[in-house]
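Inspection log for the structure reproduced underneath, given as structure tokens.
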Amino acid sequence: MAVLPASSALLSSCTGLYYGSFVEEGGVLRVSKGEFQQVKGEKQIERDFVVIRGDSMRYPIGIFKTPNNHYMANLMQCTHKGCELSIGGGIFNCPCHGSEFDPSGRVLEGPAEENLKSFEITADNENIYVHGS
Ligand code: FES
């Protein structure tokens, strides 16, 4: 029987999602901005999305970084019937009935009618902080 290591790098390569690490401090999730950087060969490229998921989180949070260094965080719970969303092609996708949401959480395609739950984000030079999760 094969034993799979529980590494976020492996999860990333299998699903296309990158699960970043974070620290919870008083209800605020601190994520290093370095989580959005990826080294490929000799190149350093920026990730658009980092997903964070803790043991106590029923759904992950998808954090999107815009080209001009703004961040948006959304709960990856479909507002139609509650399925967990995936990310592909730069948007949130629902595997259950096909709803799609843009990186800011707005509905692009139904049957979902409500936007995703979003979180306030603040940042300093090194980290971003996801509030109200
Ligand atoms: S639960 Fe997502 S589209 Fe139905």
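In this text the structure is predicted, and so the values were computed from the model without any measurement. Each ligand, and each atom within it, is numbered from 1 in the order the structure gives.
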Discussion item. Given a threshold of 2.8 Å, state how many protein N/O/S atoms are nearer than that to atom 4 (Fe) of ligand 1.
Written reply: 2
Worksheet entry | Heavy atoms of other groups near N68 CG, more than 12 under 6.0 Å | yes
Practice prompt. Flag the pair F64 / F92 as yes when their ring centroid distance falls below 6.0 Å, and as no otherwise.
Written response: no
Practice prompt. Give the minimum heavy-atom separation between F22 and V31, together with the two atoms involved.
Written response: CB-CG2, 3.8 Å
For residues 108-116, dump all side-chain donor-acceptor pairs below 3.5 Å to protein atoms at least two apart in sequence or in another chain.
{"residue": "N115", "atom": "OD1", "partner": "V107", "partner atom": "N", "Å": "2.9"}

Discussion item. Side chains of E25 and Y129 only: does a donor on one sit below 3.5 Å from an acceptor on the other?
Written reply: no
Response to the item:
Tightest non-hydrogen contact, residues R53 and Y59, listed as NH2-CA, 4.0 Å
